[in-house]
Amino acid sequence: MPAIYKRTLVTSALPYANGPLHIGHLAGCYLPSDIYVRYKRSKGEDILFICGSDEHGAAIPIRAKIEGTTPKEIVDKYHKMMGDSFKEFGISFDVYSRTSNQIHHQTASDFFKTLYDKGSFTEETTEQYYDEEAKQFLSDRYIIGTCPNCANPNAYGDQCEKCGSTLNATDLINPKSTLSGSKPVLKLTKNWFLPLDKLQPKIQAYLNEHKDWKANVTGQCKSWLDNGDGLQPRAMTRDLDWGVPVPVKGAEGKVLYVWFDAPIGYISATKELRPTDWELYWKNKDTRLIHFIGKDNIVFHCIIFPAMLMEHGDYILADNVPANEFLNLEGNKISTSKNWAVWLHEYLIDFKDKQDVLRYMLCANAPETKDNDFTWADFQTKNNSELVAILGNFVNRTLVLTHKYYHGSVPSAETFTKEDLLTLEQLASFPDKIVASIEAFRFREALAEMMNLARLGNKYLADTEPWKLIKTDEVRVKTIMNIALQITCNLAIVCEPFLPFTSAKLLNMLNMPVLKWHAAKQTSNMAAGHQINKDELLFAKIEDEEIKIQIDKLELSKKNNTVIVVPPAKAETSFDDFSKMDIRTGTILEAERVPKTDKLLKLKIDVGIDTRTVVSGIAEWYKPEDIIGQKVSVLVNLAPRKIKGIESQGMILMASNAEGELSFMNSTKPDFNNGSEIK
RNA sequence: GGUGAGGUAGCUCAGUUGGUUAGAGCAUCGGAUUCAUAACCCGAAGGUCACGAGUUCAAAUCUCGUUCUCACUACCA
């Protein structure tokens, strides 16, 4: 089982620099990793916390094009924005680097070279589109053309966003380069593949050593390994000009695959932070490496990156990869493009100084074992019924009484009753309970345990009733208040990983220095006679009004997005081109599901000329029995194509909205005969 | 369709190798209390453990089937 490690290296997934951060990012991996690291630091352990912006990949140049700017400006903008958000929410990275740094380019480049020299890669030459004007190969996203499926003239080389089909660039009709607008030519290109198929036994063995990983993580890995023929070779280079150049002769105009270079970002960030002894954290068996990620990154961190490290040979592998599931917002998926999100930088405008409230909420509601939902109503309840009522209230009543009875001077504990001793014993047991949960990456459990300490305090005060005793037994009250203050002080220590701002505020009120974790096992951190500062409220109630504003804001963005998103006008086309299409009216005679598919219906349509079979992807919106007799428009001279073994002889025309939902368009004169031409 | 993860109280979740009346927090209701941000403290109510079958003395837990949700993947002419 786990060796005794001397130090820990914690990485958090590198966020992609093409948009601001939202609550899903925080809940997914940054908050859990921050809690873990803060606790380890508090214990005095040797630990580094690494992160940075992922600034490569094909999506960034495209985003730049849309915004009419350069990739560099995009990544600069979001790198700063994300870094600021992390800082504001107390995510305590030791370094927040970026993959566009020179040090990263060098590190990733060297890494690739090492694998290349070792002969780890296989080379494969394929035909790809090349733009002769721009003098470069075109990645799929740089090519647009007419979708062979739905005739959308603006389909991308990898996917048609209109009909959703996955494409190869070579499938496109009339391909065009988005760089120069010219017609690209097919040219041979060489790319380097990591033969994951050959590495599968080693990867399997590695995963077998880590049966203790979370169920969602091992499950995902298993599914990759067991699926079909197992792992497949994966290209580690791309024909693109944005990224780390491939350091090999004959690879001009190529960059490293973003998922090859991004995880190496962890290494280069460590180098940047510790130029002299970074290898201690990456190449020494006494170091424990932990990757905090979201579930979408599991395959890269559990299979591909370890495979790269194995091939290299010098590096240690991750000992654990605690991946979280996804956080939804008010019942819907968080979506950057639909603006369905709570943005971190906006949150702080509406909820100034309430970083810890969000941290608390996101930890208490973290999607640790399954997707979870963030609702504003729940946010309010957690703040008002837990932070205010339990934690804030306990601290407040203790401090108020201390000022009232002793002018803020800690009273001395005289003689302990049985009840006192029991309370002190429980107090001392909390750190270990919280530790057990944190070490098992069960942060919501750990947080609940922390709150139980505040509950213990509330109960102790309710049971001992110092406000009554003060009239009859002042000596006894001294002891009671001393204990209540000790609980308050220890709360400040154990809440620090979760609520760092609150902890600092509380220590300040107590006029205490920062205390290490082990101090929380002691029951006499505050000496008699110690003078505390003026008390103030730790948490404020959140009123219905404030919540309503947030919900309205979301509703508004929902409305805006459903109304505004209309695809842009297409390029002009000629009447000749249009008249080449033979579109007829028809009637659906038969309809049935195509087995083993989710979306496909096999239709028999009378189009006047004949009755033909058409396979159509409308099963998500129409049941077969409901559309028999439905009048449709059919493109009848489209080249036939086999889909799932069925020859489809045409295409029915459907309206499609922003959500990709499809609808029939009805003629207003029902008696039009089948086969009428649509012009 | 394939693979993986889930389905437990109104809500969010625990439930370790199958073993007494299935737990917690919040919400609800009742009581007590006033130091405290109408907060705290005590108590109650609330569950056919998605559904169906099987194995067993015993199933939330194991097996098989069905169904729903999410992710990856295939399919959208």
Side-chain angles (χ1 to χ4, degrees), chain A residues 147-151 160 162-166 171 214-228 294-296 298-299 325-326 328 333 364-375 377-378 381-382 384-390 392-402 404-405 442 444-445 447-448 451-452 454-455 457-468 470 477 481 484 535 537-541 593-601 614-620 634-635 638-652 654 656 660 662:
Chain A
C147 173
N149 300 343
C150 68
C160 171
K162 191 170 171 214
C163 68
S165 47
T166 314
D171 295 341
K214 286 171 67 172
N216 57 342
V217 178
T218 39
Q220 276 264 335
C221 294
K222 210 172 150 283
S223 110
W224 275 82
L225 293 169
D226 298 349
N227 203 2
K295 68 172 161 185
D296 49 337
I298 288 174
V299 63
E325 300 283 302
F326 286 158
N328 294 325
K333 278 180 214 179
N365 237 356
E368 286 181 1
T369 55
K370 61 179 177 193
D371 289 358
N372 215 335
D373 200 22
F374 176 101
T375 64
D378 201 18
T381 305
K382 285 239 155 41
N384 293 355
S385 314
E386 299 184 25
L387 286 177
V388 172
I390 296 168
N393 185 38
F394 168 67
V395 170
N396 185 237
R397 58 204 300 213
T398 302
L399 299 193
V400 164
L401 287 177
T402 304
K404 193 166 171 184
Y405 298 157
R442 294 154 76 127
R444 36 196 308 167
E445 190 180 86
L447 182 72
M451 289 300 283
N452 280 340
R455 289 192 176 90
N458 275 321
K459 184 164 165 47
Y460 179 69
L461 286 184
D463 290 348
T464 53
E465 299 183 306
W467 50 88
K468 273 189 184 166
I470 194 71
V477 172
M481 289 314 299
D535 64 280
L537 295 178
L538 277 183
F539 302 101
K541 272 206 144 175
R593 289 291 293 260
V594 178
K596 301 188 179 187
T597 66
D598 287 346
K599 297 185 183 172
L600 303 184
L601 289 187
V614 171
V615 177
S616 186
I618 58 172
E620 280 180 276
V634 186
L635 179 58
L638 189 64
R641 167 143 171 176
K642 272 201 174 180
I643 299 168
K644 284 276 156 184
I646 304 161
E647 189 172 82
S648 181
Q649 304 153 317
M651 178 173 139
I652 57 172
M654 307 287 292
S656 138
L662 299 176

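Just so we're on the same page: letters track the sequence lines, and every chain starts at 1.
Of all nucleotides listed (B:A27, B:U8, B:C42), B:U8 comes nearest to the side chain of A:Lys370. The side chain of A:Arg444 lies closest to B:C13 when the candidates are B:G15, B:G6, B:C13. Picking from B:A5, B:A39, B:A14 the nucleotide with the shortest atom distance to the side chain of A:Ala389 gives B:A39. Across B:C76, B:C26, B:A71, the shortest atom-to-atom separation from the side chain of A:Thr381 is found for B:C26.
Rounded to the nearest Å, the gap between the P atom of B:G25 and that of B:C40 is 13 Å. With P as the reference atom, B:G19 and B:C62 are 11 Å apart, rounded to whole Å. Spacing of C1' atoms, B:G7 relative to B:C41, comes out at 36 Å, to the nearest Å. Annotation: B:G31 and B:A22 have their C1' atoms spaced 27 Å apart (nearest Å). Remark: the separation of the P atoms in B:U48 and B:C57 is 28 Å, to the nearest Å. To the nearest whole angstrom, the two C1' atoms, one in B:A9 and one in B:U56, are 29 Å apart. The gap from the P atom of B:A60 to that of B:A53 amounts to 14 Å, rounded to the nearest Å. To the nearest whole angstrom, the two C1' atoms, one in B:A27 and one in B:C35, are 26 Å apart.
The closest donor-acceptor contact from the side chain of A:Glu368 to the backbone of A:Arg442 lies at 3.5 Å or more, if one exists at all. Judged by distance alone, the side chain of A:Asn458 and the main-chain N or O of A:Ile390 form a donor-acceptor pair under 3.5 Å.
One finds a salt bridge joining A:Lys295 and A:Glu325 here, because a Lys/Arg side-chain nitrogen approaches an Asp/Glu carboxylate oxygen to under 4.0 Å.
At the heavy-atom level, A:Ala448 lies nowhere under 4.0 Å from the strands shown. Residue contacts for A:Glu386: at a heavy-atom cut-off of 4.0 Å it reaches the sugar-phosphate backbone alone, with no base atom in range. As judged by a 4.0 angstrom heavy-atom cut-off over every strand, A:Ile390 is placed among residues touching the sugar-phosphate backbone only.
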Contact pattern, 5' to 3', of nucleotides 29-38 of chain B - B, S or - by protein heavy atom under 4.0 Å: -----SBBB-
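Between the CG atom in A:Leu537 and the CG atom in A:Asn396 there is a gap of 5.5 Å [rounded to 0.5 Å].
Side-chain contact, A:Asn328 with A:Asp371: no donor N or O sits under 3.5 Å from an acceptor N or O.
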With Watson-Crick and G-U wobble geometry limited to distances under 3.5 Å, how should the secondary structure of RNA chain B be encoded in dot-bracket form, using | for bases paired to another strand and [ ] for crossing pairs? (((((((..((((.....[...)))).((((.........)))).....(((((..]....))))))))))))....
